[in-house]
Amino acid sequence: MSPQMTAWSFFADHRAEILGATLDHLVLVVIAMIIAILIGVPLGMFIVQRPALRAIALGIASVFQTIPSLALFGFLIPIPFIGGIGKRTAIVALVLYALLPILRNTYVGLTGIDPAVLEAAEAMGMTRAQILFRVRFPLALAVILAGIRTATIITIGVATIAAAIGAGGLGTFIFRGVALVSDALILAGAIPAALLALLADFLLGLLERRLKVS
Amino acid sequence: MNTKPPLSPIKTIEFRDVLFHINVIPSRVIVSGISLEILHGETLVLLGRSGSGKTTLLRLMNGMLLPSEGKVLVQGRSTAAWDPIRLRRGMGYVIQDAGLFPHFTVAENVALIPTLENWDAPRTASRIQEMLRLVGLDPSEFAHRRPRELSGGQRQRVGVARALAADPPILLMDEPFGALDPVTRAELQREFSALARRLGKTIVFVTHDLREALLLASRIVLLEAGRIVASATPQEFLRLDHPEVRAFTSSLAITPGASA
C-alpha cells in the first residue's frame with residue numbers, strides 16, 4: 001500500500017479522534033488569543049501615552065518571541081501557579097508568543113495616524129480619551145487586526161508543540177507520529193493545523209479589509 | 001462668554017510681552033517680545049515667512065502651547081487658567097490639510113463639536129445642513145460622502161463648516177488654503193472673505209501670502225524671526241518702510257512682461 005493510501009485510510013478510521021484534537025487545538029488557540037488581545041491592545045494603548053514604557057514593553061515582548069517555543073514550554077513547567085503539565089502552561093506560553101505582534105501593531109497603528117487629523121482633533125477641543133477612542137483607535141483598527149491575524153497564525157503553529165507538555169491538540173498526532181515514524185500520524189496533525197491557519201488567515205483578512213479606512 | 005456690549009472695542013485675545021522657547025538645551029526662542037491685542041470682530045492676518053513664528057502664536061491662543069514668559073489672555077482670562085478643552089471649544093480651527101477624520105462622513109465631521117457638546121439630534125442635523133450650505137456644498141450631495149471622495153477645495157470647505165458648527169466666537173485658521181491649486185485657492189479666498197464679513201467673528205488667519213493677507217485682513221501683523229515688525233491695515237501696510245515689508249511687497253510686483 002502507498003503511503004498516501006495509509007494516510008487516507010488512517011484519516012478515515014480516526015475521523016472522530018482527529019476532529020476532537022482539532023477542536024482541542026482550536027480551544028487552546030482561541031483562549032490564548034483572547035487573553036493576548038486583552039493584554040496586548042490595552043497595553044499598546046497605554047504605551048502610546050507613556051513613551052518611556054514603550055521600549056521596555058516592546059523589548060520584553062520581543063524577548064519572548066526569540067525563545068524557541070519548545071524551550072519556553074520547558075521553562076514554564078517548574079514555575080508555580082502558571083506552570084506545570086497541561087493546558088494552563090500551554091496557554092501562558094501561547095499568550096507570550098502572541099503578544100508581540102498584537103502589541104507592536106497596536107502601537108504602530110495608534111501612532112501612524114495623519115498628524116493633521118490629530119492636530120485638528122486636539123485643537124477642536126477633544127479630550128485625550130476622546131482622541132484615543134474616537135479617532136486613534138478606529139483609525140488603527142485595521143492595523144491592530146493585522147497584528148491579531150499574524151499572532152493567530154503563529155499561535156496555531158506553536159500550539160502543536162504544546163502537546164509536548166501534555167496540552168493535547170493536533171500536536172499529539174505529530175509527536176506520536178515522530179516517535180512511531182508514521183507519516184500518516186504526522187499528517188493527521190499537520191494537515192488540520194495547516195488548514196486551520198489558512199482558514200484563520202482568510203477570515204481575519206476579510207475582516208481587516210472591511211475595517212480599512214483610506 | 002463675554003456678554004458686555006461692545007461700547008469700547010473688546011480685546012478678545014491679548015498677548016502681554018510673550019516669549020516662548022522650546023526646552024531643548026540650549027533652549028530655542030521661537031517668539032519673543034510679543035504684545036498684541038486682537039479686537040472683537042476683526043480679521044487679523046499673521047503674515048510671515050516659514051518659521052517666523054505664526055503658527056506658534058496661533059497655538060499660544062488656544063492653549064496648545066503656554067507662554068514661557070508673559071501672558072496670553074482670551075476673553076480676559078489667561079490661557080494657563082482656562083480649562084484647555086473649554087477654551088478650544090470656543091475657537092474654531094482650520095488647518096492646511098483640513099485634518100478631516102477619514103473614518104467619519106462629511107456630516108459626522110461637521111457634527112463633531114455639536115456631538116461632543118451633546119446637542120440633540122434634530123438640532124445637530126439642521127446645523128449640518130445649515131453649515132454645508134454656508135460653505136457652498138449641497139447637503140444632499142455631500143453629507144454622506146467620506147473625505148477621500150472630496151477634492152482638496154471641498155475638503156477645506158468641510159473644514160470651515162466643521163470649525164463653525166458650534167458657533168464659536170473665535171476662528172483660528174492656519175494657512176487653510178495653502179495646499180490648494182491657484183484657481184481653487186482664489187475662489188475660496190473670495191468666498192471666505194465675504195463669509196467672514198457676514199459672520200462677524202474674531203478671526204486670526206495665518207498665511208505667508210501677502211495677496212491673501214491684503215484680501216482678507218482688517219489688520220495685518222507681520223512677523224520676522226519670532227518678533228512682530230509691523231502692524232497695519234492693508235492700505236497702510238503697503239506704504240510701510242520696513243525691509244521685511246518691502247520683501248513681501250516686492251513679491252507682489254512680479255507682473256508678466258515687467259522687467260525684474
Side-chain angles (χ1 to χ4, degrees), chain A residues 37 41-42 44-45 48-55 102 105-149 204-214, chain B residues 55 58-65 82-105 108-118 146-149 155-156 158-166 168 170-176 178-179 204:
Chain A
I37 291 167
V41 174
M45 293 167 94
V48 169
Q49 319 273 354
R50 303 285 175 89
L53 289 178
R54 186 193 67 207
I102 297 174
N105 276 48
T106 303
Y107 178 79
V108 167
L110 292 173
T111 50
I113 288 165
D114 180 2
V117 169
L118 294 176
E119 193 195 338
E122 193 189 349
M124 301 286 289
M126 293 181 91
T127 63
R128 264 183 144 187
Q130 285 164 344
I131 293 174
L132 184 60
F133 289 104
R134 300 196 195 194
V135 182
R136 283 189 193 263
F137 193 72
L139 288 175
L141 211 50
V143 179
I144 295 172
L145 203 73
I148 292 174
R149 185 176 162 198
L204 291 171
L206 276 186
L207 193 59
E208 192 185 316
R209 270 190 293 283
R210 290 195 58 171
L211 290 174
K212 195 161 275 169
V213 195
S214 63
Chain B
T55 299
L58 216 53
R59 293 167 73 93
L60 283 163
M61 293 178 203
N62 70 4
M64 278 165 78
L65 298 174
W82 271 90
D83 165 15
I85 302 304
R86 293 261 46 97
L87 175 68
R88 291 169 201 162
R89 296 264 173 99
M91 298 177 158
Y93 196 78
V94 188
I95 51 176
Q96 185 167 326
D97 300 315
L100 297 181
F101 296 168
H103 57 309
F104 282 11
T105 62
E108 287 166 339
N109 268 287
V110 175
L112 177 69
I113 302 303
T115 307
L116 295 178
E117 297 276 308
N118 295 316
R146 300 264 172 182
R148 66 167 177 275
E149 297 162 326
R155 255 179 247 150
Q156 276 315 337
V158 177
V160 173
R162 179 176 68 175
L164 291 172
I170 300 167
L171 194 55
L172 306 180
M173 308 185 80
D174 192 354
E175 300 194 26
V204 184

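Below, chains carry the letters A, B, ... as their sequence lines are ordered, and counting in each starts from 1.
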**Q** Is any side-chain N of the basic residue among B/Glu108 and A/Arg134 closer than 4.0 Å to the acidic one's carboxylate O?
**A** no

**Q** Check A/Ile144 against A/Phe137 and note the closest heavy-atom contact, atom names and distance.
**A** CD1-CE1, 3.7 Å

**Q** So what's closer than 4.5 Å to chain A heavy atoms on B/Leu112: side chain, backbone, both or neither?
**A** side chain

**Q** If I measure from the heavy atoms of chain A, does B/Arg146 come under 4.5 Å with its side chain, its backbone, both, or neither?
**A** neither

**Q** Please look at B/Ile85 and chain A and tell me whether the side chain, the backbone, both or neither of the residue comes under 4.5 angstrom of a heavy atom of that chain.
**A** both

**Q** Are a donor atom and an acceptor atom from the side chains of A/Glu122 and B/Tyr93 found within less than 3.5 Å of each other?
**A** no

**Q** Against the six-membered ring of B/Phe101, is B/Arg162 placed for a cation-pi contact (under 6.0 Å from the centre, within 45° of the normal)?
**A** yes

